[in-house]
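Remarks on the structure that follows.
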Amino acid sequence: MFSTLLIANRGEIACRIARTARRMGLRTVAVYSDADREALHVALCDTAVHIGAPEAARSYLDAAAIVAAARAAGAQAIHPGYGFLSESLALIDACEAAGLIFVGPSREAIRRMGSKIESKRIAVQAGVPVVPGYHADDQDPVVLQAAADGIGYPVLIKASAGGGGKGMRVVRGAGEFEAALATVRREAQASFGDDRVLLERYLDEPRHLEVQLLGDQHGHLVHLFERECSIQRNHQKVIEEAPAPHLPAAVREALFAHALVMGRAIGYDSAGTIEFIHDSRSGDTFFLEMNTRLQVEHPVTELTVGIDLVEWQLRVAAGEPLGFSQPDLSQRGCAIEARVCAENPAARFAPEIGTLIGYREPRGEGVRVDSGVRAGSQISPYYDSMLAKVIAHADDRPTAARRLVTALDDTVLLGVHSNLGFLADLLRHEHFAQVLSTHYIERAFPAGWQARADDGLAIAAAALHGVLSARAGAGQQPLGAWQSLGAWRAVGAGHGIGSTQVLLEDGQRRVHEASVSPLGTGWRVRVGDLALDLAATLTGDTLELQRDGLTVRFTVALEQHATRGERLWLAGPGGTWAWRRLDRWQRALQGAAGADDSGGKRLLAPMPGLVTQVQASVGMTVNAGDSLVQMEAMKMVHTLSAPAAGRVAELRCRAGDAVRGGDVLVVMEAMETKEA
């Protein structure tokens with residue numbers, strides 16, 4: 001076994017690998033970009049090496065810089081994690097030239113499976129069924145359009161070198177194909193450095209299933225059973241579990257057989273995953289692709305099989321044989337994983353950036369957290385939005401789901417919006433007990449998911465925090481909006497003597513009004529028609545409310561931001577909220593409406609990123625929903641559309657511009673109407 005391991009990754013997977021390596025007695029080396037100097041994975045490792053600029057192409061995707069860091073730190077092996085260079089032939093070649101061990105499969109296995117086009121050919125030759133489609137080398141747009149017409153719509157365009165749900169678009173008609181192809185190619189080039197695509201028939205009722213393989217360099221290969229990954233959004237997995245529920249035994253055995261056939265066809269010698277798509281209507285199962293690396297969802301396999309996959313990746317890379325065979329393996333209970341991301345589900349899942357001003361992981365029986373952040377972590381626009389994975393294990397699926405919901409509710413994440421509430425609602429939904437499909441989310445929330453807007457207790461907590469902070473801050477200077485009664489205004493009759501009216505704007509730019517009045521040793525808080533008699537105590541970052549003998553605790557934190565001003569973050573039963581202070585309400589309202597000095601409408605950048613395409617021109621007449629600008633942020637292509645019909649008055653961006661969140665990109669003006 002080598003003694004020093006360099007981890008060529010960041011975030012939760014770098015931290016997860018480091019913990020296993022340290023447990024095995026290995027010295028660990030982290031790499032970091034300018035954006036990650038204070039990141040958790042840097043702190044967890046024994047030493048760290050700077051490798052470049054924040055952009056992944058100039059740091060984590062630079063194979064030469066990675067190998068140079070390994071040599072400088074005295075590492076004998078490199079573990080690439082997943083994403084970035086995990087399936088990079090360039091990194092393998094650089095490792096071989098430098099005499100370093102690449103922790104992963106052979107170069108030939110990665111080469112043959114790295115192209116979805118080539119992997120489909122291997123599957124067909126091995127007798128494994130594949131989804132009907134176009135898997136040829138000719139990438140001429142005219143040829144691809146004709147192939148799509150021949151397959152029949154809807155058709156799925158997929159990046160050949162893709163993964164993680166990136167570089168995929170469903171096309172439902174011939175007229176949409178050209179634009180969708182261009183978008184997929186841009187996204188594929190940005191994420192994988194390869195803009196080749198393949199086409200597949202889009203299945204109406206698919207389940208996404210996969211089988212974990214583990215092999216060694218001595219010819220041994222086993223499967224570690226299956227996982228269900230059907231709950232997806234935009235082709236990205238959201239919830240994963242093992243074993244797959246409600247799966248016929250014959251289908252399960254066929255999955256194992258096909259996976260082993262594929263693994264043996266390429267002499268697979270590490271941890272890897274064979275992915276399948278199962279058509280619930282026809283009962284057919286097709287090979288999709290092979291990921292020749294660790295998967296994001298590997299913890300559910302580890303918890304149900306009892307094997308540390310990272311440990312065995314390291315042992316196999318050092319030349320050790322597997323210490324077990326197929327009859328030695330079995331599954332125990334059920335494990336479910338949720339991916340926690342910095343995104344706002346109530347704002348079309350827009351990625352979020354900022355500083356984590358509060359973070360606390362959940363605890364409990366059967367709960368595991370793989371995290372890459374801590375309080376104070378910076379969430380930047382340069383990398384994927386996933387912050388952590390919360391996993392729950394139990395003897396049965398319903399218990400595992402309940403444990404995971406409780407763990408998500410107990411997670412405190414303040415400073416950026418997250419999908420915690422959305423994930424918990426997915427698991428609470430009655431559809432979760434039924435057979436899953438990749439359409440689960442749209443069926444569970446046909447009108448889109450919305451955070452709870454009528455939680456009077458959360459509104460009361462925010463209002464009380466302002467009053468209690470003002471009392472605590474009396475006589476102290478300087479005071480913020482949450483510590484100064486200047487941010488509140490007293491009201492007269494109807495609200496009680498000495499009452500204070502509080503206006504709060506939530507994360508969806510909705511206004512909530514509350515009045516707070518002294519009541520004995522406590523407070524009466526009115527939120528609409530709801531009247532709450534509460535005792536309240538504010539100690540540090542904990543706001544404790546008592547009502548009718550019940551105690552409810554909220555974790556609170558104040559965010560100071562140069563442009564957004566001051567916001568109160570509050571986490572408690574039912575979710576997480578961000579409240580804007582009162583004295584910024586009028587300006588926030590104006591910004592939300594998008595009004596400019598000329599009474600027009602403005603299209604704003606929702607996040608920092610790079611403008612890749614401007615489809616509008618000055619004077620152009622557009623309809624609501626027309627695409628005006630495309631930008632790349634957090635490794636995804638985002639289309640920004642016209643909020644209403646009108647005419648383009650100004651363009652304030654061009655392709656190649658780096659923009660900040662909130663920058664004005666397009667100014668619209670209303671169409672003049674002609675009188676009859």
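Nearest heavy-atom pair across Val184 and Ala159 is CG1-N, 4.2 Å. Heavy atoms only, all atoms of each residue included: Val261 and Val128 are closest at CG1-CG2, 4.0 Å. Heavy-atom minimum distance, Cys334 versus Pro243: CA-CD, 4.1 Å. Closest approach of Thr4 and Gly74 over heavy atoms only: CB-O, 3.7 Å. Looking at every heavy atom in both residues, Arg567 comes nearest to Ala578 through NH1-CB, 4.3 Å. When every heavy atom of Arg360 is checked against every heavy atom of Thr555, the shortest pair comes out as NH1-OG1, 3.3 Å.
When atom types are taken as modelled, the side chain of Tyr382 and the backbone of Ser33 share no donor-acceptor pair closer than 3.5 angstrom. Of the possible polar contacts, none joining the His223 side chain to the Leu214 backbone as a donor-acceptor pair under 3.5 Å is found. When atom types are taken as modelled, the side chain of Glu241 and the backbone of Ile239 share no donor-acceptor pair closer than 3.5 angstrom. Side-chain atoms of Asn291 never come within 3.5 Å of backbone atoms of Leu294 as a donor-acceptor pair (strictly under, hydrogens ignored). No donor-acceptor pair under 3.5 Å is formed between the side chain of Asp216 and the backbone N or O of Val316. Put simply, the side chain of Asn419 gets close to the backbone of Arg339: a donor and an acceptor are under 3.5 Å apart. Side-chain N or O atoms of Tyr60 include none that pairs as donor or acceptor with a backbone N or O of Ala63 at under 3.5 Å. In this structure, Asp93 contributes its side chain and Ala90 its backbone to no donor-acceptor pair below 3.5 Å. Side chain of Asn234 to backbone of Gln236: no donor-acceptor contact under 3.5 angstrom is found. Side-chain atoms of Asp269 come within 3.5 Å of backbone N or O of Ser106 as a donor-acceptor pair.
Atoms CG and CD, from Leu260 and Gln326 in turn, are 6.5 Å apart once rounded to the nearest 0.5 Å. To the nearest 0.5 Å, atoms CD (Glu118) and CG (Leu198) are separated by 12.5 Å. Of the inter-residue distances, the one linking Tyr383 atom OH with Asn9 atom CG reads 11.0 Å to the nearest 0.5 angstrom. Remark: Ser115 OG to Ile110 CD1 distance equals 13.5 Å, nearest 0.5 Å. Between the OG atom in Ser270 and the CG atom in Leu213 there is a gap of 10.5 Å [rounded to 0.5 Å]. How far CD1 of Ile391 is from CD of Glu337: 5.0 Å, rounded to the nearest 0.5 Å.
Proximity of Ile277 to Arg207: side-chain heavy atoms (C-beta onward) are nowhere separated by under 4.5 Å. Looking only at side-chain heavy atoms (C-beta outward), Leu91 and Leu89 stay at 4.5 Å or farther from each other. Inter-residue side-chain proximity for Arg368 and Glu361 is flagged as unmet; no heavy-atom pair is nearer than 4.5 Å. At a threshold of 4.5 Å between non-hydrogen side-chain atoms, the residues Leu436 and His208 do not count as touching. A heavy-atom distance below 4.5 Å is not found between the side chains of Ile101 and Ile78. In this structure, the side chains of Gln212 and Arg227 come closer than 4.5 Å at one or more pairs of heavy atoms. Between Leu44 and Arg19, some side-chain heavy-atom pair lies under the 4.5 Å cut-off. Contact check for Arg363 versus Val369: no side-chain heavy atoms found under the 4.5 Å cut-off.
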Glu210/Lys237 under salt bridge (Lys or Arg N to Asp or Glu O under 4.0 Å): CA gap, chis, key distance, verdict: CA-CA 12 Å; Glu210 57 190 36; Lys237 300 165 186 175; 2.9 Å; yes
- request: Go through Arg293 and Met113 one step at a time and tell me if the side chain to side chain contact (heavy atoms under 4.5 Å, CB included) criterion holds.
  value: CA-CA 11 Å; Arg293 54 170 170 79; Met113 291 292 107; over 6 Å; no
- prompt: How far apart are the C-alpha atoms of Ser380 and Gln378, what are their side-chain angles, what is the distance that settles it, and do they pass the side-chain hydrogen bond (donor to acceptor under 3.5 Å, both in side chains) test?
  reply: CA-CA 6 Å; Ser380 79; Gln378 297 292 319; over 6 Å; no
message: Show, in sequence, the C-alpha distance, side-chain angles and deciding distance for Glu343 and Arg233, and conclude whether the salt bridge (Lys or Arg N to Asp or Glu O under 4.0 Å) test is met.
response: CA-CA 13 Å; Glu343 61 187 13; Arg233 190 187 66 79; 3.7 Å; yes
- prompt: Do Leu356 and Arg374 pass the side chain to side chain contact (heavy atoms under 4.5 Å, CB included) test, and can you show the C-alpha distance, the side-chain angles, and the key distance before you say yes or no?
  reply: CA-CA 7 Å; Leu356 288 188; Arg374 56 185 171 179; over 6 Å; no
task: Evaluate side chain to side chain contact (heavy atoms under 4.5 Å, CB included) for Leu413 paired with Leu420, printing each intermediate quantity in order.
output: CA-CA 9 Å; Leu413 201 159; Leu420 283 167; 4.0 Å; yes
query: Given the rule in the side chain to side chain contact (heavy atoms under 4.5 Å, CB included) test, do Val29 and Asp46 qualify, once you have shown the distances and angles that lead to the verdict?
result: CA-CA 6 Å; Val29 180; Asp46 296 296; over 6 Å; no
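If you check the side chains of Arg16 and Thr20, you find a donor sitting under 3.5 Å from an acceptor. Side-chain contact of Thr406 with Asp409: a donor-acceptor pair under 3.5 Å is absent, judged by distance alone. Side-chain contact check for Thr438 and Ser230: no donor-acceptor pair (N or O, by modelled atom type) lies under 3.5 Å.
Ring to ring, Tyr32 and His50 are close: their centroids are under 6.0 angstrom apart. Aromatic rings from Trp569 and Phe554 are positioned such that their centres are separated by 6.0 Å or more.
Counting non-hydrogen atoms of other residues, nucleotides and ligands closer than 6.0 Å to CZ of Arg71 gives a total of 12 or fewer. Counting heavy atoms of neighbouring residues, nucleotides and ligands inside a 6.0 Å radius, atom CD of Glu38 does not exceed 12 of them.
Across Gln313, His298, Arg23, Arg315, a single residue satisfies side-chain hydrogen bond (donor to acceptor under 3.5 Å, both in side chains) together with Asp308, and that is Arg23.
Aromatic ring orientation, His258 versus Phe276: tilted (interplanar angle from 30° to 60°). Ring pair His218/His220 is tilted by interplanar angle, where 30° to 60° counts as tilted.
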